[in-house]
**Student:** 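If you scroll down you'll find the structure; I have some questions about it.
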Amino acid sequence: DAKTTQPNSMESNEEEPVHLPCNHSTISGTDYIHWYRQLPSQGPEYVIHGLTSNVNNRMASLAIAEDRKSSTLILHRATLRDAAVYYCILRDARGGSNYKLTFGKGTLLTVNP
Amino acid sequence: GAVVSQHPSRVICKSGTSVKIECRSLDFQATTMFWYRQFPKQSLMLMATSNEGSKATYEQGVEKDKFLINHASLTLSTLTVTSAHPEDSSFYICSARDTGLAGNTIYFGEGSWLTVV
């Protein structure tokens with residue numbers, strides 16, 4: 001599986017934007033970039049995913065580098081409820097057993113009031 | 001959005017007994033479900049992939065006779081921890097693949113805390 005690299009932790013202030021980076025230098029042409037987050041004692045929550053173009057939804061934006069070797073999850077206005085571990089995961093679009101998600105350590109986001 | 005529900009959310013069992021955890025997709029059909037285990041302060045570890053109507057595929061190092069997985073319908077997969085021991089105490093999480101309009105998005109359940117005493 002292609003691997004991703006994320007900072008162990010980041011801190012943000014409430015109401016400010018947060019940019020969570022992810023490096024995936026060995027990404028293949030068929031890998032989608034997925035972001036999930038996990039609040040304490042809960043299952044992971046889907047945030048966003050993309051292939052080549054930047055993506056926006058109600059939760060966040062995903063900015064993908066032109067060479068696809070890195071991406072950034074953008075939370076436009078952090079709230080205390082955004083404090084969680086954020087996982088950047090590559091998933092092969094060809095499916096089969098490749099539908100499984102392999103989790104790394106993720107980034108622990110702390111949001112200060 | 002899509003909902004995946006697990007039951008029970010918390011269970012305590014005695015060492016040597018078996019315990020079953022259910023995973024249901026509530027508003028979509030899931031031909032593929034996944035089971036994970038997560039120990040405190042660690043990331044999720046995939047245990048097995050559950051396919052409706054066929055045998056589960058287990059990850060390396062996961063004992064298939066200890067962690068029995070059944071996926072008898074398109075909305076239900078079960079994980080049975082047999083002859084549980086204290087080291088099996090963990091947070092068990094399932095996920096399900098929505099092949100509909102969501103475009104193969106995978107959604108996770110709330111997780112089930114297992115404590116073996």
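Below, chain A is the first sequence line, B the second, and so on; all start at residue 1.
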**Student:** Side chain from CB out, backbone as N, CA, C, O: work out which of these in B/Gln6 comes under 4.5 Å of a heavy atom of chain A, or both, or neither.
**Tutor:**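 B/Gln6 has no heavy atom closer than 4.5 Å to chain A.
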**Student:** Side chains of A/Lys105 and B/Gln42: closer than 4.5 Å at any heavy-atom pair?
**Tutor:**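 A side-chain contact under 4.5 Å is absent here.
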**Student:** Taking the side chain as everything from C-beta on, heavy atoms only, tell me whether A/Tyr46 gets closer than 4.5 Å to B/Phe108.
**Tutor:**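 Heavy-atom side-chain distance check fails, nothing below 4.5 Å.
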**Student:** Is the closest side-chain heavy-atom distance between A/Leu101 and B/Tyr36 below 4.5 Å?
**Tutor:**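 Contact flag for A/Leu101/B/Tyr36 side chains = yes.
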**Student:** Can you tell which part of A/Glu45 gets under 4.5 Å to a heavy atom of chain B, answering side chain, backbone, both or neither?
**Tutor:**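 Nothing of A/Glu45, per the 4.5 Å heavy-atom cut-off to chain B.
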**Student:** Does a sphere of radius 6.0 Å around NZ in B/Lys66 hold more than 12 heavy atoms from other residues, nucleotides or ligands, not counting ones at 6.0 Å or beyond?
**Tutor:**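 Enclosed.
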**Student:** Around atom CD of B/Glu87, are there more than 12 heavy atoms of other residues, nucleotides or ligands at under 6.0 Å?
**Tutor:**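 It does: B/Glu87 CD has more than 12 such atoms within range.
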**Student:** Within this structure, what is the OG-CD distance for the pair B/Ser9 and A/Gln42, rounded to the nearest 0.5 Å?
**Tutor:**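 One finds 11.5 Å between OG of B/Ser9 and CD of A/Gln42.
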**Student:** Where do B/Thr105 and A/His49 come nearest, in terms of heavy atoms and distance?
**Tutor:**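 Heavy atoms only, the tightest pair is OG1-CE1, 4.1 Å.
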**Student:** Is it the case that more than 12 heavy atoms not belonging to A/Asp67 sit under 6.0 Å from its CG atom?
**Tutor:**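 Yes, the 6.0 Å shell around CG holds more than 12 heavy atoms from other groups.
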**Student:** Please name the pair of heavy atoms, one in B/Ile93 and one in A/Pro44, separated by the smallest distance, quoted to 0.1 Å.
**Tutor:**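 In this case the closest contact between B/Ile93 and A/Pro44 is CG2-CD, 4.0 Å.
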**Student:** Is A/Thr102 close to B/Met45 at the side-chain level, that is, under 4.5 Å between some pair of heavy atoms?
**Tutor:**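 Side chain of B/Met45 against side chain of A/Thr102, heavy atoms only: no contact under 4.5 Å found.
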**Student:** If I take atom CZ from residue B/Arg10 and atom OG from residue A/Ser41, how far apart are they, to the nearest 0.5 angstrom?
**Tutor:**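 With rounding to 0.5 Å, CZ (B/Arg10) is 6.5 Å from OG (A/Ser41).
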**Student:** What about A/Leu73 and A/Leu80, same hydrophobic cluster or not, with Ile/Leu/Val/Met/Phe/Trp/Tyr joined at side-chain heavy-atom distances under 4.5 Å?
**Tutor:**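 Both belong to a single hydrophobic cluster.
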**Student:** Is it true that B/Val81 and B/Val62 fall in one hydrophobic cluster, defined by side-chain heavy atoms closer than 4.5 Å?
**Tutor:**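 B/Val81 clusters together with B/Val62.
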**Student:** Test of understanding: clusters of I, L, V, M, F, W, Y form through side-chain heavy atoms closer than 4.5 Å, transitively. Do B/Leu79 and B/Leu76 belong to the same one?
**Tutor:**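 No, no single cluster joins them.
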**Student:** Atom OH of residue position A/Tyr32 - does it have more than 12 heavy atoms of other residues, nucleotides or ligands inside 6.0 Å?
**Tutor:**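 No, the 6.0 Å shell around OH holds no more than 12 heavy atoms from other groups.
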**Student:** Within a reach of under 6.0 Å around NE2 of A/His76, are more than 12 heavy atoms found that belong to other residues, nucleotides or ligands?
**Tutor:**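 It does: A/His76 NE2 has more than 12 such atoms within range.
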**Student:** Give the minimum heavy-atom separation between A/Tyr87 and B/Leu44, together with the two atoms involved.
**Tutor:**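 Here A/Tyr87 and B/Leu44 meet closest at OH-CD1, 4.1 Å.
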**Student:** Quick check against the 3.5 Å criterion: does A/Tyr36 have a side-chain atom that pairs as donor or acceptor with the backbone of B/Ile106?
**Tutor:**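 Answer holds: yes.
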